[in-house]
Amino acid sequence: MKKIVIAIDGYSSCGKSTMAKDLAQEVGYIYVDTGAMYRAVTLYAMRHGLFDAEGNINVEKLESLLPEVNISFKLNPKTGKPETCLNNEVVEKEIRSLEVSQHVSPIAALPFVRAKLVEQQQAMGNEKGIVMDGRDIGTVVFPNAELKIFVTASAEIRAQRRFKELEAKGMPADFDAILKNVEERDYIDTHRETSPLKQADDALVLDNSHLTIAEQKQWLMEKFHERTAE
């Protein structure tokens, strides 16, 4: 069975990362969470005081500090899942906070941040056998990926999922604030100048608004087997 590159794009809080992790584990591929990479840069910027009170970024300072930012993924031996590391510190919990969610879109829209991370992501995919999810994987990072999936769901359903996820982790959760954040991120992600979120012409659309995890998994495995058997 030939190895391929699987590119999963879509809106925030669609469950792309969970879907991609599970698919990678099921087929024995390497998983890369590109959203976590942008979140890690955002956390770094927050920790270094690069946002002012209005949420504006000190762009020049961030660009000068970016060479110091090293993002990697380390397998958690207990869960068997990869965790995001920022300069060798596991920051998986910190990057999932609502505060990081509220600041990540403007960071991800910066061309020099995208250029650095896209370069890292492309290097990760040289050997194929990789599942990567994000906003521009099928359009910019891997335009020649053998399997491209574009994931969508209604904003309300995505906000509800994020609300439940934060509650389950014992983190503060306000549904209205989360819904507002989801809608704002959709707008920024689809309207930014550099690599906006859009469906690749050859991507398969997966609307998981009303799918169970099992139904979604079955759909993904069918598409995977179709592409690897070609």
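Computed from a prediction, not measured in an experiment: that's the story for all the values here.
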Exercise. Do Asp136 and Arg114 touch side chain to side chain, with heavy atoms closer than 4.5 Å?
Worked result: yes
Problem set entry | Donor-acceptor contact present, side-chain Asp133 to main-chain Ile8, <3.5 Å | no
Show every donor-acceptor pair shorter than 3.5 Å between a side-chain atom in residues 166-174 and any protein atom, with sequence neighbours excluded, or say none if there are none.
| residue | atom | partner | partner atom | Å |
| --- | --- | --- | --- | --- |
| Asp174 | OD1 | Asp176 | N | 3.0 |
| Asp174 | OD1 | Ala177 | N | 2.9 |

Problem set entry | Sequence neighbours excluded - side-chain hydrogen bond (donor to acceptor under 3.5 Å, both in side chains) pairs with any residue from residues 137-149 | Lys128-Glu146, Lys148-Asp202
Exercise. Taking C-beta and beyond as the side chain, do Thr84 and Ile71 meet within less than 4.5 Å on heavy atoms?
Worked result: yes
Problem set entry | Any side-chain heavy-atom pair of Leu117 and Thr34 under 4.5 Å | no
Exercise. Any side-chain heavy atom of Gln160 sitting closer than 4.5 Å to one from Phe163?
Worked result: yes
Exercise. Side chains of Ser13 and Arg185: do they bring a donor and an acceptor to under 3.5 Å?
Worked result: no
Exercise. Between Glu165 and Arg161, is there a salt bridge with N-O shorter than 4.0 Å?
Worked result: no
Problem set entry | Arg39 vs Arg96 side-chain heavy atoms within contact, under 4.5 Å | yes
Problem set entry | Side chain to side chain, Ile130 and Met124, heavy atoms closer than 4.5 Å | yes
Problem set entry | Non-hydrogen side-chain atoms of Leu66 and Val41 separated by less than 4.5 Å | yes
Problem set entry | Residue list, ring pair (Phe, Tyr, Trp, His ring centres under 6.0 Å) with Tyr31, at least two apart or on another chain | none
